[in-house]
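Along the sequence shown, the residues carry numbers beginning at 1. Note that these values count all heavy atoms, side chains included, but never hydrogens, waters or copies made by symmetry.
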Amino acid sequence: QLQLVESGGGLVQPGGSLRLSCTASGFTFDDYNIGWFRQAPGREREGVSWISSRGGGTNYVTSVKARFTISRDNAKNTVYLRMNSLKPEDSGIYYCAAVHKWCPIKGGYDYWGQGTQVTVSA
């Protein structure tokens, strides 16, 4: 059984911080790149951040640059997303997904978690 499980979401005030975790099981974690995605009600899912299989490469959607930091600890089969200076528009369900590092197809994610809710509100 191949599985990704997100945790760490919750309710936070604007300007606050959260750290999301994505923990994997059932596959060779350090062979997979990991992406974080989010979806707000009535909006399309968007990619938020990405990290390569060994952590040497990262990227972010422009709207979260300088506020979010992605990292991974392969010994723990876990990827983190530290979110600082949160804004109401950051609210949504956050999902992590895994794609093999050699996959030649953009967006070809193999495994998805169930998501964790992030709500930024005063």
Side-chain angles (χ1 to χ4, degrees):
Q1 183 71 20
L2 309 175
Q3 190 174 28
L4 294 169
V5 178
E6 302 94 339
S7 63
L11 175 64
V12 65
Q13 295 186 74
S17 298
L18 288 171
R19 188 182 72 164
L20 307 184
S21 297
C22 171
T23 300
S25 61
F27 61 95
T28 305
F29 184 67
D30 61 2
D31 285 339
Y32 283 77
N33 303 327
I34 303 295
W36 281 100
F37 301 80
R38 67 187 179 191
Q39 187 165 26
R43 298 179 181 177
E44 294 183 346
R45 186 181 65 201
E46 68 170 343
V48 177
S49 188
W50 171 91
I51 188 166
S52 62
S53 61
R54 300 287 186 173
T58 61
N59 61 28
Y60 304 87
V61 68
T62 300
S63 61
V64 309
K65 267 188 171 293
R67 298 189 297 118
F68 290 12
T69 302
I70 191 169
S71 61
R72 68 192 294 162
D73 184 347
N74 285 352
K76 297 180 179 179
N77 285 358
T78 299
V79 167
Y80 304 98
L81 185 67
R82 167 62 68 181
M83 306 185 295
N84 294 326
S85 301
L86 283 162
K87 305 174 180 179
E89 53 263 43
D90 295 317
S91 297
I93 302 174
Y94 282 69
Y95 303 89
C96 63
V99 58
H100 194 276
K101 62 184 180 181
W102 292 342
C103 181
I105 303 172
K106 183 179 180 180
Y109 288 90
D110 296 304
Y111 314 126
W112 290 81
Q114 293 298 305
T116 185
Q117 178 72 49
V118 172
T119 303
V120 185
S121 176

Within-4.5 Å side-chain heavy-atom neighbours: [X] and [Y]:
X: V64; Y: S49; value: no
X: L20; Y: E6; value: no
X: V48; Y: M83; value: no
X: P14; Y: V120; value: yes

Quiz prompt | Whether over 12 other heavy atoms sit under 6.0 Å from Q114 CD | solution = no
Quiz item: Are more than 12 heavy atoms from other residues, nucleotides or ligands located less than 6.0 Å from atom NZ of K101?
Solution: yes
When hydrophobic residues are tied together by side-chain contacts of less than 4.5 Å, even through go-betweens, does [X] share a cluster with [Y]?
X: L4; Y: I51; answer: yes
X: Y109; Y: Y32; answer: no
X: Y60; Y: V118; answer: yes
X: F29; Y: L2; answer: yes

Practice problem: Identify which one of W36, Y94, F37 satisfies the ring pair (Phe, Tyr, Trp, His ring centres under 6.0 Å) criterion when paired with W112. | Solution: F37
Quiz item: Step by step, would you call N84 with S17 a side chain to side chain contact (heavy atoms under 4.5 Å, CB included)?
Solution: CA-CA 4 Å; N84 294 326; S17 298; 2.8 Å; yes
Closest approach of [X] to [Y] (non-hydrogen atoms, all atoms of both residues):
X: G56; Y: S52; value: N-OG, 3.1 Å
X: G55; Y: T58; value: O-CG2, 4.5 Å
X: R38; Y: S63; value: NH2-OG, 3.5 Å
X: D31; Y: S53; value: C-CB, 3.9 Å
X: R67; Y: D90; value: NH1-OD2, 2.8 Å

Quiz item: For the residue pair Y111 and F27, does the interplanar ring angle fall in the parallel (under 30°), tilted (30 to 60°) or perpendicular (over 60°) class?
Solution: tilted
Practice problem: Before accepting this row, confirm whether a basic side-chain N of the pair R72/D30 lies closer than 4.0 Å to the acidic partner's carboxylate O. | Solution: no
Could you measure the distance from the [atom1] atom of [X] to the [atom2] atom of [Y]? Nearest 0.5 Å is fine.
X: N33; Y: H100; atom1: CG; atom2: NE2; value: 9.0 Å
X: L81; Y: T69; atom1: CG; atom2: OG1; value: 8.0 Å
X: I70; Y: C96; atom1: CD1; atom2: SG; value: 9.5 Å
X: L11; Y: S91; atom1: CG; atom2: OG; value: 8.5 Å

Quiz item: Can a donor-acceptor pair be found between the side chains of T23 and T78 at a distance below 3.5 Å?
Solution: yes
Quiz item: Just one of N59, I34, V61 clears the side chain to side chain contact (heavy atoms under 4.5 Å, CB included) bar with W50, so which one?
Solution: N59
